[in-house]
Amino acid sequence: MLEIKDLFVSIGAKMVLRNVNLRIGSGETHVLFGPNGTGKTTLLNAIAGIPRYIVESGNIIFKGEDITQMTMDERARLGIGMAFQRPPALRGLKLKDLIKIINPNADTVSILNKMDFQQFGDREVNRGFSGGEVKRSEMVQLLAQQPGFVMLDEPDSGVDLENIKLIGEAINQLTQKNIRPKQRTKSGIIITHFGHILEYTKTDRAHVMLDGSIVCSGNPSEILDQIKKSGYEGCVACLCPT
Amino acid sequence: MPVSNIEERAKKAREKKAVYGIDLNLDSYESEAKSYGIIDEAEDLPEDVKKAALDVGVKLDNQTSGAYVQMDQTPVHTKSLFEGVEVLDTRTALKRYDNLQDYMWKLVAPDADKYVADVAQSLPAGYFVRAKKGMKTVFPVKSCLYLGSTNLNQRVHNIIIAEEGSELHIITGCTTPAHVQRGLHIGVSEFFIKKGAHVSFTMIHSWGKDVDVRPRTGIIIEEGGSLSNNYICLKPVKTLQMFPTATLAGVGAVASFNTVIYSSTGNIDFGSNIILAAPETSAESISRVVSVGGEVIARGRMTGKVPGARAHLECVGLLLSEKGRIYSIPELDGQSKDLDMSHEAAVGRISEEELEYLMARGLTQEQATSVIVRGFLDVEIKGLPEELKQQIKNITQREDLKGA
């Protein structure tokens, strides 16, 4: 589904990602761990195609097509979706109107109901939303967009226990966890710091990023346990010694 | 004011330039307008007038409390459709009510500048709208001022009186058809909002790109009265200059000005001048300007004269092109202790972050820009009935803004 080859990405004058290699197969959901400022969000933003994130070298291949030079909207229309960590508020645009703009055929009522977000349909997108409401707003939009590959940047930060379950269910729908693994065609990648969301959705593989490179990959629960026990670097030293 | 006195003062001000705006040579416009016959039924109005009226939000349907249509200088259609609201053309009203002379030129001085003086020296056209004491209707009075002849100087003098405890809504659409190459519209309006009366006044302009416009407005609001004044101009105009003055004269009077402008060419110099002259008065003025060209000067002046007055001024502009200019001039004049006055002014471009957010959902850059611009122009207007709000929304969300 998605393949990142030898990717170097800079922002301004600073090289943030260095030689990232990643392969996410069809039907797989991966999780990305790493300390703050290590480049996790940069990787997702580079895949999404945000222009400030300059690909210095390497390639991003999606569904067999090199999308490295494509614009953001072209990538989105090919099936890449993203839940932003800190999305902007949009003045004068109601959430229910945005849903229809994203997908004119979307069933707005059932999507809003699913996220227990009915009363937010008439609110301006993300304006005055709490941290947890912003995350639900992101999931609502993704449920309308129905991407083939979904990127979730800290979907669990600032979310209370009741709503984290709803978000987990939305991720399961987006990544087809309700059907057998072999029948799944949709994929995803999740960034999480504390792994709370992993209690509600199953992931297939985990990666640890340090200083802009993926330095360790393996079983998600094993890696999370090791990070909790001995920190990111300790985890890498233990599970992926060089 | 005696008529002779008005004429004398106006005569002396014939060459008096306006304080703001580009100076115009009044002699370069035609003073004589052809006259039209009276049209009793709205449905018998010429098709092009009906269409132009619709484009500026004036639909003369059964949800109308009164109607006024002026073609060039002729009031062709005047009707009161609700017992609580009286609509006449100004000339007829002057004949019917002797005491109307006490209102005329009370809030706009006949020698304020040469444009006002020009109206003061001519036979008045325009509308007289009076909401009777205690009478309320959510249906608006709808008026259309149609400038249909090239090079004409269209002069209008409107008198609006909301008697004690009344509720009055007015929509005025001012427009020119495409074939009018050049013209001038001078509109004098005087608003008397009496004790406890609530008025909303929504003006929608759709002029030609070679039309000059000089509205001149004075407003007085008595104790407990309120005004919601909304101005929308989304079509090109050559020059437009207005600076309506509202005096909050009675305890607890409230004024709110909302302005939405989309500029593509020409020179627009607009603003509001609000004087808070009584205790517990409050005023708000919010403007949103989108420019893809032309010059816009966004003024706003609030003067707090007594303790306890509250005022907020907000001018926000989106500049989308190298060819445009937005010059924002907010002014706060505090003349007493215990005032609460603030302003916020910003001129900028579309936020990249917002653009990217929408593009990540699959919108092209053009679509995303259009969505953001429409949202920006969608000012939340307080104090209007739902139907009117929707009508204003429809105008600001129109398809012709797609290419923003």
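Below, read A as the first sequence line, B as the second, and so on, with proteins coming before strands; counting in each chain starts at 1. Values below: all heavy atoms of this structure, side chains included; hydrogens, waters and symmetry mates excluded.
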TODO: Please state whether the side chain, the backbone, both or neither of Ala144(A) comes within less than 4.5 Å of a heavy atom of chain B.
DONE: neither
Open item on the list: If you count heavy-atom pairs within less than 4.5 Å of chain B, which of Pro87(A), Ala48(A), Gly49(A) leads?
Closed with: Pro87(A)
Task: Pair Gln85(A), Thr41(A): side-chain N/O donor-acceptor within cut-off below 3.5 Å - done: yes
Task: Partner of Lys114(A) by side chain to side chain contact (heavy atoms under 4.5 Å, CB included), out of Gln173(A), Glu169(A), Arg136(A) - done: Gln173(A)
Open item on the list: Quick check on the structure: residues of residues 59-82 of chain A within a heavy-atom distance below 4.5 Å of chain B, by number.
Closed with: Met72(A), Asp73(A), Ala76(A), Arg77(A), Ile80(A), Met82(A)
Open item on the list: I need the residue from Met359(B), Gln365(B), Arg361(B) with the largest number of non-hydrogen atom pairs under 4.5 Å to chain A.
Closed with: Arg361(B)
Open item on the list: Using ring centroids (six-membered ring only for Trp), state whether Phe201(B) and His169(B) fall under 6.0 Å.
Closed with: no
Task: Per-residue contact mode, Asn126(A) against chain B (heavy atom under 4.5 angstrom) - done: side chain
Open item on the list: Testing the 3.5 Å rule here: is there a donor-acceptor pair between the side chains of Gln141(A) and Tyr357(B)?
Closed with: yes
TODO: Scan residues 20-58 of chain A for pairs that pass ring pair (Phe, Tyr, Trp, His ring centres under 6.0 Å), counting only residues two or more places apart or in two chains.
DONE: His30(A)-His207(A)
Open item on the list: Between Arg288(B) and Ile286(B), is there a side-chain heavy-atom distance shorter than 4.5 Å?
Closed with: yes
Open item on the list: Using the ring centroid of each side chain, check whether Phe129(A) and Phe120(A) are separated by less than 6.0 Å.
Closed with: yes
Open item on the list: We want to know whether Lys96(A) and Thr108(A) form a side-chain donor-acceptor pair, criterion being a heavy-atom distance below 3.5 angstrom.
Closed with: no
